[in-house]
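Take a look at the structure below.
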Amino acid sequence: MTEPDLLAALNPPQREAVTHAGGPVLVVAGAGSGKTRVLTRRIAHLVSQRDVHPGSILAITFTNKAAAEMRSRVVDLVGNRARLMWVSTFHSACVRILRTEIDAMGFRKSFSIYDDTDAKRLMTLVARDQNLDPKKFPPRGLLNWVSNCKNELITPAQAAASASGLDEVRAEAYKVYNQRLRAANALDFDDLIMTTVLLFEQHPEIREAYRRRFRQVLVDEYQDTNHAQYLLIKQLCGDLGPDDGLPDDAPRIEPAELMVVGDSDQSIYAFRGATIRNILDFENDFPGANTILLEQNYRSTQTVLSAANAVIKNNSGRPSKRLWSQAGDGEKIVGYVADTEHDEARFVGNEIDALVDKGQGKYSDMAVFYRTNAQSRAFEEVFIRLGLPYRVVGGVRFYERREVRDALSYLRAISNPADDVSLRRIINVPKRGIGERAEVALAMLAANEQISFADAIDRADEAPGLATRSLNQVKAFGKMMADFRAMVDADLPASEILETVLKRSGMIDELRNSSDPQDETRVENLIELVKVAQEFVAQATTQDLEMDEDFELIESGTSLSTGAPQAAGEGPSDDVVAELADELTAGQPEPDASLGAFLERIALVADSDQIPDSSDDGGVVTLMTLHTAKGLEFDTVFLTGMEDGIFPHMRAMTDSAELAEERRLAYVGITRARKRLYLSRSVLRTLFGRPSHNPASRFFTEIPDELIDWRRKVSEVASWASTSADRSASARAAVASGTVFGSGRGATSKKTLPAVNTGDRVLHSTYGMGTVVATSGSGDNAKADVDFGSSGVKRFALKYAPLEKL
DNA sequence: TACTTCCTGCTTTTT
DNA sequence: GCAGGAAGTA
């Protein structure tokens, strides 16, 4: 694509952002102003410049999915040569750097990456060892505290030095937790960033190599970066001044060109350390910075924008921004007050049906948003009944399932023998007679001898108090793991190793022979995992071929060394350019089907990257949380559960900063809509398994009434519940004690048992439609096994299960 | 050692 | 109303 084509269809501020040269740039962009488009075009523009080598571009996106999309769009625009650029999330970029450089930080290259669940497990162990009261110091809370430290780049020693009171305990937990991580040769998510920053601080020469490499750095969603990520950017393209750690006579390189794009009104990840300070202080952080404002919205109608503005303006202390649209007023916002969440779901379902019937859109043009994943249930139930095609994004994740985690723990323990957490997870999976006693004996040996758990297994003879029977089992297990590791040494592809592990460990056999109907699904999930591995291996092999093409491209003369001459005094010298060209060709990551590479992919890629394509004809309705909705847009958006206590979430209502974040979340949700916005709430909602009733969300009432077309305003339940304060209070009390509806704990209602037989179709409030495949027991003990297709087979006690015969 | 049965806490949001 | 842990039992 030629240069004018790249710039066509952009408005003047966008064009300015795309072609900007020299000095850092902050693009402050409102919702729907074409942020991502600007970034994509800018990268394409850069690649099409003769003196910019694609390998010198580093673009950071928020999700891996966004990275993949941006990458393929740029390749579409300017061709294969763009494949050499780095487009990834902060985490993936750091892993890529650490895989090369981590020796310098005292880890081995085979390090494991611990996700949230692993981290929590490890922290639980630490807390137990420290004899911490789980009520006072829940692992989750400790982990949050540690995460904050890591985001602020506070080391355990520094934390201990400045902590007082309860924080002294937390700092101690942080220290031990990190020691255990190090011993397991593992890094958690926050470590990935923190360690990279520390690496650059402690090894200026390594940092300098990357500064020379990346000449163009672009960051999307800058409002959601945390302090550690900011420091990383600063290390890569800030002006470090005289304290840059290099010898005085070493050659310096000009800082790279930096462009960040963000909207402080869309910052919704402060809860995990993101800070809009990074946006507000950009001009101080990067002197000489330019700010470009994108205020025209191309996505939504003026009505939608007015609603969004009306909500967000209640946040104090935000820089003023006036978003405008040329799309006209469009349709009014539809408001609906439901009696129950089922009623709300029915309204949404019927409305979707009606819109499709009237030809006002396809299923794939519509999305239902909610605050928490648990709220998807009512919609699923109703949508199944109505026969609406839908897809829930997020929720119960594939990689969170027990059997999948077990399999991955095997792989990690094989790839990284020091990984005690993974090893201890699977030492008795499947059951092989190595119980708690045996495990403790081995752990004692490991502690006494200062060796890893894997080494303790190899020296099990020395373990104190290990029964002979257990000893034999442990030896057999050690032998098996050694065989698996030999497969890694022989460079067998990840998929092959996985298959062997599943078969030889006996995991598959145990599940196949099990009487628990759920285990059938588990087998299917493992087969699915094998498929994922096979696809990964296949992909790595084809990438290999593409890389070869790219090398040819470089060699055939498009590389930096033949590019336009640099202006004197600016940019890298010719020597540096030549060196850079060498580095670019030499330093390409070998595409890699190894076990380590596979594990890395699994750790970093969220499986919520499965947002349905709108290209399929008809398609499906998308259900997701507001957080997942970030960066997406739909013709029709249903914003549901607009109730105080739900959204804003109960736990955010007391804290003004958290409330402000919830409001930004509302702003994000509203601005996802192109043409039609529905807002709904329910007066009565089942929460924690019991009914509770909530007032309208403050965000709902902040929207001017004239923008809203009320379909139903006052619910009957609302009128009896709120006519008098007394009655309302007593109703609430009754609800709270579970006496009114009889579904509270201990007040099990007597319900007539649905008589089901094999082959009956039933509806479950959580799993949806299913078929009875077996029945057992009688009377109160009657149970049924129900097959829910993709959700698998579950066994229910008919007395309690929310099952309905169809 | 392994299976069963309570029982608790949980629901924010995710790279 | 469910998962995962703790405690109790074979």
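Note on naming: letters A, B, ... go to the chains in the order of the sequence lines (proteins, then strands), and numbering restarts at 1 for each one. Note that this is a predicted model, so its numbers are computed, not measured.
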* How close or far is atom P of B:dT14 from atom NZ of A:K630, stated in whole angstroms? -> 11 Å
Between the protein and nucleotides 2-5 of chain B, are there any N/O to N/O pairs under 3.5 Å, and if so, what are the atom names and distances?
unit_1	atom_1	unit_2	atom_2	d
B:dA2	OP1	A:G433	N	3.4
B:dA2	OP2	A:N428	ND2	3.4

* Electrostatic pair A:E661-A:R664, nearest N-O below 4.0 angstrom -> yes
* **Integer-rounded Å distance: B:dT13 C1' and A:I268 CD1** => 8 Å
* In terms of the nearest nucleotide of DNA chain B, which residue is placed more toward the 5' end: A:R651 or A:R437? -> A:R437
* Gap between atoms CG and C1', on A:L632 and B:dT14 respectively (whole Å) -> 14 Å
* Find out whether the Lys NZ or Arg CZ of A:R99 is both under 6.0 angstrom from the six-membered ring centre of A:F111 and within 45° of the ring's axis. => yes
* **Integer-rounded Å distance: B:dT15 P and A:N148 CG** => 19 Å
* To do: Just compare B:dT13, B:dT1, B:dT11 and give me whichever is closest to any side-chain atom of A:F271.
  => B:dT13
* To do: Would you classify A:E658 as touching base, sugar-phosphate or nothing, given that sugar-phosphate means primed atoms plus P, OP1 and OP2, and contacts are heavy atoms under 4.0 Å?
  => base
* Asked: Considering only the C1' atoms, how many Å lie between B:dT11 and C:dA6, rounded to the nearest integer?
  -> 23 Å
* Asked: What's the CD-P distance between A:E400 and C:dG4, to the nearest Å?
  -> 10 Å
* Counting only side-chain N and O atoms of A:T625, is one of them less than 4.0 Å from OP1 or OP2 of B:dT14? -> yes
* **A:K234 atom NZ: more than 12 heavy-atom contacts under 6.0 Å** => yes
* Asked: Taking CG from A:D116 and C1' from B:dT13, how many angstroms apart are they, rounded to a whole number?
  -> 12 Å
* Structure fact -> When A:E661 and A:A438 are each assigned the nearest nucleotide of DNA chain B, the 5'-most assignment goes to A:A438
* Using whole Å, report how far CG of A:N151 lies from C1' of B:dT14. => 13 Å
* Asked: Between A:E344 and A:R681, is the closest basic N to carboxylate O distance under 4.0 Å?
  -> no
* Closest listed nucleotide, where the reference is the side chain of A:F688 and the choices are C:dA6, B:dT14, B:dT11 -> B:dT11
* Distance test, side-chain N/O of A:S92 to OP1/OP2 of B:dT15, below 4.0 Å -> no
* Structure fact -> A:N373 has its side chain closest, among B:dT14, B:dT1, B:dT15, to B:dT14
* Which listed nucleotide (B:dT15, C:dA6, B:dT1) is nearest to the side chain of A:N64? -> B:dT15
* Knowing that exactly one of A:F369, A:F271, A:Y370 qualifies, which makes a ring-ring contact (aromatic ring centres under 6.0 Å, His included) with A:H627? -> A:F271
* For A:R121, salt bridge (Lys or Arg N to Asp or Glu O under 4.0 Å) partners two or more places apart -> none
* A:Q473 CD - B:dT1 P separation (whole Å) -> 10 Å
* **Geometric cation-pi criterion A:R698 and A:F647, 6.0 Å radius, 45° cone** => no
* **Side-chain (A:T671) to main-chain (A:Y667) donor-acceptor, under 3.5 angstrom** => yes
